[in-house]
Enquirer: 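Okay, handing you the structure first.
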2 protein chains.
Amino acid sequence: MSKATPTFSIELFFRALADRTRLRLLNLMSDGEICVCFFTEILDESQPKVSRHLAYLRRAGIVASRREGKWMHYRMQEPAEERARALLRATVDSLRNDPAMQRDRQKLSRLCCSPRLPASLNGAPVPVLNGSVRTTC
Amino acid sequence: MSKATPTFSIELFFRALADRTRLRLLNLMSDGEICVCFFTEILDESQPKVSRHLAYLRRAGIVASRREGKWMHYRMQEPAEERARALLRATVDSLRNDPAMQRDRQKLSRLCCSPRLPASLNGAPVPVLNGSVRTTC
DNA sequence: GCATCACATTCGCTTGGACGAATATGTAAA
DNA sequence: TTTACATATTCGTCCAAGCGAATGTGATGC
């Protein structure tokens, strides 16, 4: 599912990111693939809300999803067009520069390094962070 | 008026550009300063509508305005932060790559070169285009 | 099979934002 | 100062989109 990349639409792109929750989700994906339960844990938002916003990003062609058993992983998807890719890179770059967004990613980083995950994440596949600017554990 | 550049907000930026009309306005400003009457002529939209959307862009800190007699000129405004500037550049770059947006700019280009402007633009200050990719008249 | 877990979707409700129409403001010219 | 012109703003309406609550779906385990 969610394989074909439809022709990029700037309007769709901006509509998709004109929401704080979706910006936070994208920011969390900037270090690599994450499963839904980590999103809900870090954003501290309801699961249906997170899921709805992830579906929005997927329909806009900004992220892609992959199933692994019970878990769904989401990751950023590189647009086909070069300028669109550059725009997405600049977007993520700006996001990573934002203090609130850095706090979210730090929370993710700590969770990934932690020997004991919170109960809500028991058994969940821990994201593998490949961020260039690694936050120390 | 509209001098101070408030701290850049990514969310505000994306909300401001999550609208087709505002994207078209920004695209038209990518070649240089334009006055309101040219916007309404090219977009073929009502004056209050154009004015409202320009005010929205101004409040978001994306454009700045300048009065010259009866006319108001609008231009893009470079954000203070480097990453924000890069994001705006990438945005405009993507816009200029879009066929519909190219048609708008071509219409502007033709209007500027034309010896006889339409009646609605009589006496209006003709924009000076400084676009890198000049469309021939 | 049935239960459970992770996630997706649907359903009303409510709110924000875009719109046309009307009106206000600011400038210049008569 | 009256008029005309360019632009800005306000007002009321309507529609899209976000929300919580409830329910549906797909996978695993017993």
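Lettering follows sequence order; numbering is per chain, from 1.
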Enquirer: Within the structure shown, what part of the strands sits under 4.0 Å from A/Phe39 by heavy-atom distance: base, sugar-phosphate, or nothing?
Expert: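 If one applies the 4.0 Å heavy-atom cut-off, A/Phe39 turns out to touch nothing in the nucleic acid.
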Enquirer: Side chain of B/Trp71: nearest nucleotide among C/dT9, D/dA6, D/dG18?
Expert: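 Minimum distance to the B/Trp71 side chain belongs to D/dA6.
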Enquirer: For A/Thr40 and A/Gln47, does a side-chain donor sit closer than 3.5 Å to a side-chain acceptor?
Expert: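 Side-chain D/A pair, A/Thr40 to A/Gln47: absent.
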Enquirer: Tell me the interatomic distance from A/Leu12, atom CG, to D/dA17, atom P, rounded to whole angstroms.
Expert: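 So the two atoms are 10 Å apart, to the nearest Å.
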Enquirer: NA contact type, A/Phe38, heavy-atom cut-off 4.0 Å: base, sugar-phosphate, or nothing?
Expert: nothing
Enquirer: Looking only at side-chain N and O atoms, does B/His73 come under 4.0 Å of OP1 or OP2 in D/dT7?
Expert: no
Enquirer: Would you classify B/Arg52 as touching base, sugar-phosphate or nothing, given that sugar-phosphate means primed atoms plus P, OP1 and OP2, and contacts are heavy atoms under 4.0 Å?
Expert: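 Base: the residue B/Arg52, judged by heavy atoms under 4.0 Å, touches a nucleobase.
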Enquirer: For the side chain of A/Tyr56, counting heavy atoms from C-beta on, which of D/dG18, D/dT7, C/dT9 is nearest?
Expert: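 Of the candidates, D/dG18 comes closest.
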Enquirer: Between B/Arg105 and B/Asp98, does any NZ, NE, NH1 or NH2 come within less than 4.0 Å of an OD or OE carboxylate oxygen?
Expert: no
Enquirer: Whole angstroms only, please: what is the CG-P distance between A/Leu54 and C/dT9?
Expert: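 After rounding, the gap between these two atoms is 11 Å.
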Enquirer: Roughly, in whole Å, what's the span from NE2 in B/His53 to P in D/dA8?
Expert: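 Going from NE2 in B/His53 over to P in D/dA8 covers 13 Å.
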Enquirer: Looking only at side-chain atoms of A/Arg58, point me to the closest of C/dT9, D/dG18, C/dC19.
Expert: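 So the side chain of A/Arg58 is nearest to C/dT9.
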Enquirer: Mapping A/Gly69 and A/Arg22 to their closest nucleotides on DNA chain D, which lands nearer the 5' end?
Expert: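 Its nearest nucleotide being more 5', the pick is A/Arg22.
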Enquirer: Remember a base hit wins even if backbone is also touched, and classify A/Arg20 as base, sugar-phosphate or nothing at under 4.0 Å, heavy atoms.
Expert: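 Nothing, no heavy atom under 4.0 Å.
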Enquirer: Main chain of A/Gly61, side chain of A/Arg59: is a donor-acceptor contact present, judged purely on distance under 3.5 Å?
Expert: no
Enquirer: Under 3.5 Å, side chain of A/Thr91 to main-chain N/O of A/Leu87, donor-acceptor pair present?
Expert: yes
Enquirer: Given D/dT9, C/dT9, C/dC7, which nucleotide is nearest the side-chain atoms of A/Met72?
Expert: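 Nearest to the side-chain atoms of A/Met72, counting from C-beta on, is C/dC7.
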Enquirer: Kindly compute the distance separating CG (A/Leu17) from CD1 (A/Ile62), expressed to the nearest 0.5 Å.
Expert: 4.0 Å
Enquirer: Let me spell it out: for each of B/Cys37 and A/Lys49, pick the nucleotide of DNA chain D with the closest heavy atom. Which residue's pick is nearer the 5' end?
Expert: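 It is B/Cys37 whose nearest nucleotide is closer to the 5' end.
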Enquirer: Between the base of C/dA8 and the side chain of A/Gln47, is there a donor-acceptor distance below 3.5 Å?
Expert: yes
Enquirer: Between A/Leu121 and B/Ser46, just flag the one whose closest nucleotide in DNA chain C comes earlier from the 5' side.
Expert: A/Leu121
Enquirer: Grab the CD-C1' distance between B/Glu68 and D/dA6 for me, whole Å please.
Expert: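 After rounding, the reported distance stands at 12 Å.
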Enquirer: Would you kindly compare B/Ala18 and B/Lys70 by the position of their nearest DNA chain C nucleotide and give the one closer to the 5′ end?
Expert: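 This one resolves to B/Ala18.
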Enquirer: What integer distance in Å separates A/Glu11:CD from C/dG17:P?
Expert: 16 Å
Enquirer: Rounded to the nearest Å, what distance is computed from the CG atom of residue B/Leu23 to the P atom of nucleotide C/dA18?
Expert: 12 Å
Enquirer: When the distance from CG of B/Asp19 to C1' of C/dG16 is rounded to whole Å, what number comes out?
Expert: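 Distance, rounded to whole Å: 13 Å.
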Enquirer: How are the rings of A/Tyr74 and A/Phe39 set relative to one another: parallel (under 30°), tilted (30 to 60°) or perpendicular (over 60°)?
Expert: perpendicular
Enquirer: Could you state the CG-P distance from A/Asn122 to C/dC5, rounded to the nearest angstrom?
Expert: 11 Å
